[in-house]
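What follows is a single structure, written as structure tokens, with notes after it.
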Amino acid sequence: MCGIVGYVGKKDVLPVLLGGLGKLEYRGYDSAGVAFVKDGQMKVIKAKGRLSNLREKLGDVVAEDTIGIGHTRWATHGEPSDINAHPHTNTAGDIAVVHNGIIENFSKLKNWLISKGIHFVSETDTEVVAHLVNYMYEGDLKSAVMKTIKMLEGSYALGVITLKEPDRIVAARKDSPLVIGIGKDENLIASDFPAILEYTKDVYLLDDGEVAEITADNIEIYDVLGNRVHKEPFTIDWDVSQAEKGGWEHFMIKEIHEQPVAMHDTLMARMRDGKIDLSEINVTEEYINDIEGIHIVACGSAYHAGILGKYVIENIARIPVSVDVASEFRYRMPSPLLSKKDLFIVISQSGETADTIAALREAQSKGAKVIAITNVKGSTISREADFTMHTQAGLEIAVATSKGYTTQCLCLYMIGAEIARMRGEMSQEEYDRFVKDLQKIPDLMKMVLDKKEEIQHLASMRFGDVNEFFIGRGIDYALMMEGSLKLKELSYIHSETYAAGELKHGPIALIEDNTLVMALATQKPLIEKVISNIKEVKARGAYVVAMTQDRYREQFEKDSDLVLTVPDIDDLFAPLLAVLPYQLYGYYTAVFKGCDVDKPRNLAKSVTVE
Ligand code: F6R
């Protein structure tokens with residue numbers, strides 16, 4: 001959802017901006033631009049398309065200056081084009097603005113500015129900000145930005161520079177992420193950590209409504225009323241190497257292979273004396289015994305993790321779990337139903353997803369205590385939730401999630417086990433076995449990844465498909481939602497997930513000769529049922545790829561065209577292994593089709609608009 005970066009210091013600014021934008025391209029990549037000062041003039045250079053187009057346009061331009069701002073765009077207002085790309089300027093071209101977010105009242109502001117004789121050149125909402133800052137400017141950029149944001153409705157992370165005060169960047173934030181990197185004789189702003197990791201790991205996290213004035217050797221932060229705010233720096237615990245491909249062809253395949261370590265780290269961060277220690281979410285036994293239900297709210301793959309979590313928690317803790325897509329939950333009419341006796345959980349890899357943040361705030365406004373599962377320390381969700389469980393997936397750069405999703409699932413297994421233990425739904429023996437099984441997952445994942453050639457071969461045969469089906473029952477159905485999404489978003493092949501028993505109620509009409517049906521069946525009590533569903537689609541000409549655990553393989557051989565297996569484990573944990581072949585399948589299919597695997601079309605990693 002757009003990436004912004006800004007630098008003020010002693011270095012030549014262009015390589016810093018372009019390097020930072022490269023690290024933020026996962027946030028948006030339909031156009032990019034930079035603004036910097038050269039020969040006493042504001043230079044603004046923008047190009048439609050990938051950052052490489054901007055690099056090409058810049059050629060061997062040297063900024064010869066040490067202050068600038070840059071932007072990589074995911075279009076909201078106006079098609080991707082050179083003109084709509086950021087930075088945007090006022091008419092005189094001496095104020096430049098980069099923006100992430102949506103100015104909801106931009107039409108009204110634009111009409112007002114037009115009535116004052118101001119001419120607009122782009123279709124964007126952001127251009128109003130540049131003209132407003134100019135309109136408000138009376139010799140102090142910070143004051144002009146402060147007056148401007150008072151007029152804005154919607155969300156924004158802003159970086160603003162002006163020729164008139166060429167030693168400072170003014171930044172502001174509301175409902176869109178923005179961090180300030182604290183350097184030595186240099187300071188930076190960025191939408192996300194990767195853009196600044198090369199220069200510093202110390203940051204200030206701006207809060208909503210705050211404005212920062214940043215020079216090379218000073219950072220001042222102000223609240224909405226203009227009072228100075230004292231903030232403690234936050235130290236990022238990621239390494240710059242995590243933002244590099246490290247020999248892999250894509251971040252996606254690198255991150256798929258990082259899952260054993262991510263799962264190990266997420267688990268071991270909570271294991272104490274053979275028990276899962278969830279003191280970080282601070283729920284007392286008394287509180288857990290009192291709850292009547294659990295609400296999970298999230299978007300995309302995090303929502304899929306929530307559905308999988310529902311099956312796990314209901315299975316072991318015997319408590320009802322409802323799962324909602326955040327954008328639906330927040331607009332439930334007239335308002336979402338929440339009981340004080342419900343535990344509320346939000347899940348978000350980035351911790352910045354606008355709809356999930358809104359759902360969290362909605363739940364809190366109704367008096368609920370919110371537990372967040374997120375991967376990004378210091379993110380909005382991590383800071384606003386009452387309790388946060390951080391996954392230890394490490395930096396995830398590929399737009400499609402892999403290790404983010406599996407570590408979210410793992411957290412839900414842990415939460416489920418703790419609730420089951422506290423409510424007396426699990427005996428000590430069952431609990432110990434559960435914990436032992438969880439600890440086996442990282443090594444078993446490695447074994448699954450070792451068989452990746454098998455999946456690569458399947459992808460090489462099927463990458464021409466236009467339509468595929470992913471079916472399963474129970475927890476396998478939950479997993480297939482994620483399997484299908486991976487294929488869709490990475491390779492652009494249309495794929496549908498269906499509860500296996502539901503196919504015959506309509507969608508089976510789409511099965512033709514050679515239609516690929518991926519059938520997942522890892523749960524012993526459901527195997528015969530899934531085999532019946534496999535027979536139904538086989539009878540209509542489908543090509544069936546079944547996946548099960550090693551010990552159930554034989555049962556599938558007669559009716560399936562291909563049987564894939566994951567190593568044996570207690571049924572409840574098998575989906576955690578089964579997701580890997582589907583991630584690999586989406587990946588290799590996309591590679592064979594020549595798709596841009598790390599940055600699929602139309603997508604952005606951090607969805608900071610609703
Ligand atoms: C799919 C994917 C998205 C995200 C969704 C929520 O591969 O990555 O569906 O899961 O946009 O993002 P977070 O978890 O950051 O809230």
Side-chain angles (χ1 to χ4, degrees), residues 1 3 26-28 74 175-177 191-194 250-253 255-256 259 262 296-309 323-330 345-360 370 372-382 384-385 388-391 393-412 470 478-492 495 497 579-580 582-587 590 595-610:
M1 292 294 120
Y26 66 84
R27 300 180 64 87
W74 188 87
D175 292 336
S176 284
S191 300
D192 201 356
F193 302 143
H250 299 103
F251 280 111
M252 188 72 208
I253 189 75
E255 289 164 8
I256 289 174
Q259 288 176 105
I296 301 178
V297 175
C299 301
S301 295
Y303 166 73
H304 295 161
I307 306 259
L308 190 117
V323 190
D324 257 304
V325 166
S327 54
E328 286 296 311
F329 172 82
R330 61 184 292 199
I345 303 176
V346 294
I347 311 173
S348 173
Q349 187 283 129
S350 63
E352 298 294 350
T353 299
D355 284 315
T356 312
I357 294 172
L360 176 157
V370 178
I373 298 175
T374 181
N375 191 37
V376 183
K377 289 185 186 151
S379 61
T380 305
I381 286 180
S382 160
E384 292 195 13
T388 303
M389 194 168 174
H390 286 111
T391 51
L395 188 53
E396 196 180 62
I397 304 259
V399 166
T401 184
S402 54
K403 56 183 183 166
Y405 166 80
T406 39
T407 51
Q408 288 163 354
C409 294
L410 175 58
C411 287
L412 292 164
F470 285 64
L479 194 275
M480 285 313 234
M481 293 180 179
E482 181 59 10
S484 166
L485 179 63
K486 288 285 93 78
L487 181 70
K488 250 187 272 229
E489 62 185 346
L490 292 173
S491 73
Y492 318 143
S495 73
T497 326
V579 69
L580 304 186
Y582 296 118
Q583 293 169 341
L584 289 166
Y585 181 66
Y587 171 76
C595 300
D596 191 343
V597 185
D598 284 337
K599 301 186 196 86
R601 69 183 178 207
N602 305 338
L603 299 180
K605 184 144 191 81
S606 186
V607 185
T608 55
V609 295
E610 64 168 279

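Whatever order the structure lists them in is the order used to number ligands and atoms, beginning at 1. For reference, positions follow the sequence shown, starting with 1.
Across the listed options Gly351, Ser301, Gly586, Ala400, Ser301 owns the non-hydrogen atom lying nearest to atom 3 (C) of ligand 1. Closest to atom 13 (P) of ligand 1 by heavy atom, among Asp355, Ile357, Ile381, Thr353, is Thr353.
Among the atoms of Thr356, none of the N or O lies under 3.5 angstrom from an N or O of ligand 1. At least one N/O-N/O distance between Ser348 and ligand 1 falls below 3.5 Å.
Looking only at distances, no side-chain donor or acceptor of Ser484 sits under 3.5 Å from a matching main-chain atom of Met480.
Contact record, His304 with Leu485: CE1-CD2, 3.7 Å, taken as the closest heavy-atom pair.
If you check the side chains of Thr401 and Glu396, you find a donor sitting under 3.5 Å from an acceptor. Ser301 and Glu482 are linked by a side-chain donor-acceptor pair at a separation below 3.5 angstrom, with hydrogens and angles left out of the test.
For atom 15 (O) of ligand 1, the closest non-hydrogen atom of the protein is Ser350 OG, 2.6 Å. The protein heavy-atom contact nearest to atom 14 (O) of ligand 1 is Gln349 N, 2.6 Å. Residue, atom and distance of the protein heavy atom nearest to atom 5 (C) of ligand 1 are Cys299 O, 3.6 Å.
Of the heavy atoms in Glu489, only side-chain atoms (C-beta onward) come closer than 4.0 Å to ligand 1.
For His250, the ring pair (Phe, Tyr, Trp, His ring centres under 6.0 Å) partners at least two apart in sequence or on another chain are Tyr587. Residues passing the side chain to side chain contact (heavy atoms under 4.5 Å, CB included) test with Val325 are Tyr303, Ser327, Glu328, sequence neighbours excluded.
Residue Ala302 has at least one heavy-atom neighbour below 4.0 Å for each of these atoms of ligand 1: 10 (O), 14 (O).
Residue Val399 places a heavy atom under 4.0 Å from ligand 1. The shell of residues lying under 4.0 angstrom from ligand 1, judged by heavy atoms, includes Lys486.
At least one side-chain heavy atom of Tyr582 sits less than 4.5 Å from a side-chain heavy atom of Leu479.
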